[in-house]
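Shown next, in structure tokens, is the structure this report addresses.
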Number of protein chains: 2
Amino acid sequence: MSEFDPQLSTRHQILAEALSCFASAGYEGTSLNDIAAGVGIRRPSLLHHFGSKELLYQEVFENLLSDWFDRLADAIGSLETGWIKVELVLRAGFRFFADNPNYVRMVRREALDAGDHMAVDLAAVLRPMFDLAASYFERAMDEGIFVRQDARQLLITGYGALLSYFSDEPFLEGLLDVSPLSPEALAAREEHVVAFFRAALIP
Amino acid sequence: MSEFDPQLSTRHQILAEALSCFASAGYEGTSLNDIAAGVGIRRPSLLHHFGSKELLYQEVFENLLSDWFDRLADAIGSLETGWIKVELVLRAGFRFFADNPNYVRMVRREALDAGDHMAVDLAAVLRPMFDLAASYFERAMDEGIFVRQDARQLLITGYGALLSYFSDEPFLEGLLDVSPLSPEALAAREEHVVAFFRAALIP
DNA sequence: CTACCGCTACCTACCGGTAGGTAGGTGCTG
DNA sequence: CAGCACCTACCTACCGGTAGGTAGCGGTAG
């Protein structure tokens, strides 16, 4: 096996299955047997690849964060300014979440727990980016490009608007008539979010 | 014991402790020993009051829902119309959540799980209210009172904006400098949410 | 008044089941 | 032969739940 099909290696299969399990059942609700069974091996074999449940969880989470940062880097680093840039970042975030709803559900669970099983200090990791974004908005508001608002509250609202749709997808499934993750529903959601923030920000 | 101090009865103490535990650690993450210890009794004594963990959880959740409905009934039933009414409901919801952040965290966990341990079909319970609110908004948009928008998406965004702040409070604690539940922070959040939706709805 | 009854709230001790983790062996591959 | 991936068998800890016993209360019959 080894090298010539890296994405199908047992290790990667375990990581993928673990992400799915942790996202849908949470850390406590997922047993190593569940993950091992999904891959088609026994629990001790899984523990041969990852020393402990906690280590496996951490690695899943670190992959999640680095994927996320990579994906956002382009949009954030773009040379656009003002609303164009905000819309770019908003859409990039939305599409990343749409592609990886399991990531969103895992982050949401981590935000809910925040410190219990201190696998990753999510807040500490995101704080620099949060502060940067806040001061970006404040500068733009000073210049009159955006309507004056509480920048941090705005970011929290954006965070909630983006994440909730995907994290609570199992719930929204029962509230709507179409699957929240169907292409039409996703498109409608994306346009709504963009329109909503445009309305609140453009003078 | 019996009747003359109902709010301090063992039963109520158990319900309160269970709410707190389920909210912060989830259903799987909470053991009956945790709850019993918080009350100062043994697990079998707890099970004497509530036949099983599942029954205890259901009772906690049903109390939550009925509290919630009671609190919102006034605002929804008010004779106000247009934006005034929306603001009234928004503020009533916000204050109820601010008073009961544990409720929010429990609902959020239920929305994340949605159907796993089918304790309560939250979506089915809320759906009538959701549909009612959506058609209210659509009618108001037809009459030109509100800006034309996707009413259901709007409601989901409101749901996310209200809930996320409280459900992810442990996380936001690390992202901000002040406690998200401090009076000043709460006031700032409430005004932001109201202002945000006013901007998006008022023509 | 008291002796007994039935009931509630609590306890200790225990059950079967499952969790995460370890020890040690087997077989394939370079 | 060395090393890796995987296995079976086993461990301890803890889970939800049950069995069975006890202390204390209010009512009531002798």
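Computation of the quantities below employed the complete heavy-atom set of this structure, encompassing side-chain atoms and omitting hydrogens, waters and symmetry-equivalent molecules. Please read these numbers as outputs of a predicted model, since none were measured by experiment.
Close to C:dA9, at under 4.0 Å from its OP1 or OP2, lies no side-chain N or O of B:Thr10. Between A:His48 and D:dC6 there is no side-chain N or O to OP1 or OP2 distance below 4.0 Å. Contact check, A:His49 against D:dC4: no side-chain N or O comes under 4.0 Å of OP1 or OP2. Contact annotation: B:Asn33 reaches the phosphate of D:dC15 (side-chain N/O to OP1 or OP2, under 4.0 Å). Under 4.0 angstrom from either OP1 or OP2 of D:dC7 there lies at least one side-chain N or O belonging to A:Ser45.
Following rounding to the nearest Å, B:Tyr57 (OH) and D:dG17 (P) show an atom-to-atom distance of 15 Å. Rounded to whole angstrom, the span from the CD atom of A:Glu28 across to the P atom of C:dT18 amounts to 18 Å. C:dT12 atom P lies 5 Å from atom CZ of B:Arg42, rounded to whole Å. Atoms CZ (A:Arg11) and C1' (D:dC6) sit 16 Å apart, rounded to a whole Å. Computed from coordinates, the B:Leu46 CG to D:dC15 C1' distance equals 14 Å when rounded to whole Å.
Taken to the nearest 0.5 Å, the OH atom of A:Tyr103 stands 14.0 Å off from the CG atom of A:Leu163.
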Please list each protein N or O that sits under 3.5 Å from an N or O in nucleotides 21-23 of chain C, with the distance.
residue, atom, partner, partner atom, Å
C:dG21, OP2, A:Lys53, N, 2.8
C:dG21, N7, A:Arg43, NH1, 2.5
C:dG21, O6, A:Arg43, NH1, 2.6
C:dG21, O6, A:Arg43, NH2, 3.3

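When all heavy atoms are compared, the tightest approach of B:Arg109 to B:Ala23 is NE-O, 3.0 Å. Here the shortest heavy-atom pairing between A:Ser78 and A:Leu88 reads OG-CD2, 3.5 Å.
Aromatic ring orientation, A:Trp68 versus A:Phe96: parallel (interplanar angle below 30°, classes split at 30° and 60°).
Counting heavy atoms from C-beta outward, A:Trp83 and A:Phe197 have side chains that approach closer than 4.5 Å. B:Tyr27 places a side-chain heavy atom less than 4.5 Å from the side chain of B:Lys53. Residues A:Leu15 and A:Asn63 are in side-chain contact: their nearest non-hydrogen atoms beyond the backbone lie under 4.5 Å apart.
Nucleic acid contact class of A:Ser31 (heavy atoms, under 4.0 Å, all strands): sugar-phosphate only.
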Cut-off 3.5 Å, no hydrogens considered: what does the side-chain donor-acceptor table look like for residues 150-160 of chain A, sequence neighbours left out?
residue, atom, partner, partner atom, Å
A:Asp150, OD1, A:Arg152, N, 3.2
A:Asp150, OD1, A:Gln153, N, 3.2
A:Arg152, NH1, A:Asp131, OD1, 3.0
A:Arg152, NH2, A:Asp131, OD1, 3.3
A:Gln153, OE1, B:Arg189, NH1, 3.0
A:Thr157, OG1, A:Gln153, O, 3.0
A:Thr157, OG1, B:Arg189, NH1, 3.0
A:Thr157, OG1, B:Arg189, NH2, 3.2
A:Thr157, OG1, B:His192, NE2, 2.7
A:Tyr159, OH, B:Asp168, OD2, 2.3

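Counting only Watson-Crick or G-U wobble pairs whose defining distances are both under 3.5 Å, the stems of 3 or more consecutive pairs in DNA chain C are C:1-30 with D:1-30.
Residue-environment remark: CZ (A:Arg42) stays at or below the threshold of 12 foreign heavy atoms within 6.0 Å.
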